[in-house]
Amino acid sequence: MEKILLIDVPEVETVQQIARQLHLRTLIIPPEQYTQPISAIAGFSNYASCIASLPRAEVIPQDRILVLCGLKNSVTNRLLAMLRQASRQDLYKAVLTPTNAAWNTLELAYALQQERQSIE
């Protein structure tokens, strides 16, 4: 089931329009779900439970995050190209993996921030 989780994404219409063109489902994640595991929010039960090694994040993310769930590489590449064309580089992007499946949105935001800082 290919889908995109939208976490704190302003102007979701642009992302939703691109997703529709690629026949992808989008889910807008409300703040009350930020403490649930990403895989549970996405509706995937086939990811093994992992223990997050990240510090517990307690602050609601102010980051705009797209979580790509179950997308094929070709679809991911097309999505990223279309987001660039639509000037939506302001978004963090993550792929749902067995490593981050047990993380909640707050932990994912923390990991993405750390990753961006390490490459800047």
Student check: side-chain heavy atoms of Ile41 and Thr105 closer than 4.5 Å |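 Yes, their side chains come closer than 4.5 Å.
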Side-chain heavy-atom pair Leu66, Leu6 within 4.5 angstrom cut-off =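 Yes - at least one pair of side-chain heavy atoms lies under 4.5 Å apart.
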Under 4.5 Å between side-chain heavy atoms, hopping through other hydrophobics if needed: is there a path connecting [X] to [Y]?
X	Y	answer
Tyr92	Trp103	yes
Ile4	Ile38	no
Leu68	Ile65	no
Val67	Leu80	no
Ile7	Leu112	yes

Does atom CD of Gln36 have more than 12 heavy-atom neighbours, drawn from other residues, nucleotides or ligands, at distances under 6.0 Å?
->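 More than 12 heavy atoms, drawn from other residues, nucleotides or ligands, come within 6.0 Å of this atom.
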Of the non-hydrogen atoms in [X] and [Y], which two are nearest, and what is the gap between them?
X	Y	answer
Ala42	Cys69	CB-SG, 3.9 Å
Glu107	Ala102	OE1-O, 4.2 Å
Ala101	Pro37	O-CB, 3.7 Å

Rounded to the nearest 0.5 Å, what separation is found between the CG atom of Leu83 and the CD atom of Gln85?
->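 Nearest 0.5 Å value for the CG-CD distance: 9.5 Å.
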Listing, residues 14-31 side-chain donor-acceptor contacts under 3.5 Å, not counting sequence neighbours, or none:
none

In a table with atom names and distances, give each donor-acceptor pair under 3.5 Å that connects a side chain of residues 70-78 to protein atoms at least two apart or in another chain.
from	atom 1	to	atom 2	distance (Å)
Thr76	OG1	Lys72	O	3.1
Asn77	ND2	Asn73	O	3.3

